[in-house]
Number of protein chains: 2
Amino acid sequence: MVDYISLLKQNNLKATIQRTNILKSINRTGHITIDEIYEELKIDYPTLSLATIYKNILLMVQHGVIVEIPISGEKSKYEIKKDEHIHLICKSCGNIEDRELSSCNIDIEDFNIIFKQINLYGLCRNCQSK
Amino acid sequence: MVDYISLLKQNNLKATIQRTNILKSINRTGHITIDEIYEELKIDYPTLSLATIYKNILLMVQHGVIVEIPISGEKSKYEIKKDEHIHLICKSCGNIEDRELSSCNIDIEDFNIIFKQINLYGLCRNCQSK
DNA sequence: GTTGTTAATAAAAATTATTATCAAAAAAAG
DNA sequence: CTTTTTTTGATAATAATTTTTATTAACAAC
Ligand SMILES: [Mn+2]
Ligand SMILES: [Mn+2]
Ligand SMILES: [Zn+2]
Ligand SMILES: [Zn+2]
């Protein structure tokens with residue numbers, strides 16, 4: 001279990017109940033859209049405003065707590081910031097799986113890389129056997 | 001110079017003046033947003049409708065003429081579909097540069113890759129020396 | 001405990017982005 | 001040339017996102 005309060009404080013953000021709940025949703029699913037967070041949280045927390053989620057997602061991205069994963073043809077998903085890794089995105093079931101970045105050696109000249117975003121689209125193991 | 005008429009026909013799309021102009025904009029800039037296409041084309045072609053651009057961009061993506069490049073924190077750009085390559089995206093000047101995919105060896109098990117999307121964010125040569 | 005100060009939230013409004021509708025124009029087929 | 005099909009432009013409708021405003025929560029000073 002992750003300590004969202006410390007995580008937020010480490011990144012100079014106050015640990016409000018809204019923020020910790022957003023992080024809980026993100027962490028539970030691994031990768032999730034803003035709409036999905038809203039749908040999920042408003043069950044237990046009906047007064048929560050969608051605008052608050054947008055605002056806090058943006059804030060937490062800016063403060064490096066979470067990262068955006070833009071996806072071709074659909075809405076961005078968000079995940080807790082962690083060691084760099086790549087995404088295997090299944091075109092059939094939509095599942096997103098994390099994999100080691102080490103399976104991908106990159107050698108670029110004349111460019112100072114700050115961060116990498118590697119999405120591989122295809123069929124997951126499950127969907128291959130159907 | 002690219003033959004947009006053949007390109008469209010090869011992909012079972014009729015070569016309208018709107019479509020060839022959209023492709024011309026995309027090709028001239030390499031990578032461009034929908035808004036930028038509209039701003040650019042309406043100078044020479046004031047009656048062109050933004051809805052027509054949205055409609056044709058979607059259609060040309062579906063027919064494999066162009067591809068969407070989703071980018072963290074900003075609007076998607078589009079480019080002519082060509083051999084797979086990676087993108088070097090400068091966080092300072094915003095420039096997008098194509099590079100060979102060969103500089104990146106990928107070795108994944110249990111996943112059937114259909115296509116790859118590799119964006120490297122950082123500083124381009126120009127912006128490094130500032 | 002009350003006040004003042006600040007920050008965060010919820011609700012509402014405004015703005016922006018995207019998609020749908022449909023008549024007119026253009027292109028293709030016959 | 002006439003009919004049929006496709007595409008476009010204009011506009012309306014919807015959806016997504018941002019901004020504004022009013023309310024509430026937190027908390028230290030009095
Ligand atoms: Mn991930
Ligand atoms: Mn490119
Ligand atoms: Zn799958
Ligand atoms: Zn640059």
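Throughout, protein chains are lettered first and strands after them, A, B, ... in sequence-line order, and every chain is numbered starting at 1.
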Length of the [atom1]-[atom2] vector between [X] and [N], whole Å:
X	N	atom1	atom2	value
Leu8(B)	dT6(D)	CG	P	17 Å
Ile17(B)	dT8(D)	CD1	C1'	13 Å
Gln18(A)	dA26(D)	CD	P	10 Å
Tyr38(A)	dA15(D)	OH	P	15 Å
Ile53(B)	dT7(D)	CD1	C1'	14 Å
Lys14(B)	dT6(D)	NZ	C1'	5 Å
Leu58(A)	dT19(D)	CG	C1'	13 Å
Glu74(B)	dT16(C)	CD	P	18 Å

Distance in Å, [X] [atom1] paired with [Y] [atom2], rounded so as to fall on 0.5 Å steps:
X	Y	atom1	atom2	answer
His31(B)	Glu36(B)	NE2	CD	12.0 Å
Gln117(B)	Ile89(A)	CD	CD1	7.0 Å
Leu8(B)	Met60(B)	CG	CE	6.5 Å

Quick check for you: among [options], whose closest atom lies nearest to any side-chain atom of [X]?
X	options	result
Lys55(A)	dT9(C), dT8(D), dA17(C)	dT9(C)
Ser49(B)	dA28(C), dA10(D), dT18(C)	dA10(D)
Thr52(B)	dT18(D), dT6(D), dG9(D)	dG9(D)

When all nucleic acid strands are considered with a 4.0 Å heavy-atom cut-off, which category describes [X]: base, sugar-phosphate, or nothing?
X	answer
Thr16(A)	sugar-phosphate
Lys75(A)	sugar-phosphate
Leu48(B)	sugar-phosphate
Tyr45(B)	sugar-phosphate

Which residue lies toward the 5' end of DNA chain D, Leu13(B) or Ala51(B), if each is placed at its nearest nucleotide?
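The residue whose closest nucleotide sits nearer the 5' end is Leu13(B).
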Is any side-chain heavy atom of Leu41(B) closer than 4.5 Å to a side-chain heavy atom of Ser25(B)?
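SC-SC contact between Leu41(B) and Ser25(B) confirmed.
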Any side-chain N or O of Asn56(A) less than 4.0 Å from the OP1 or OP2 oxygen of dA8(C)?
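For Asn56(A), the contact criterion (side-chain N or O under 4.0 Å from OP1 or OP2 of dA8(C)) is not met.
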Would you please say whether a donor-acceptor pair under 3.5 Å links the side chains of His63(B) and Asn12(B)?
no
Both Asp35(B) and Lys9(B) contact DNA chain C. Which one's nearest nucleotide lies toward the 5' end?
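Per heavy-atom nearest nucleotide, the more 5' residue is Asp35(B).
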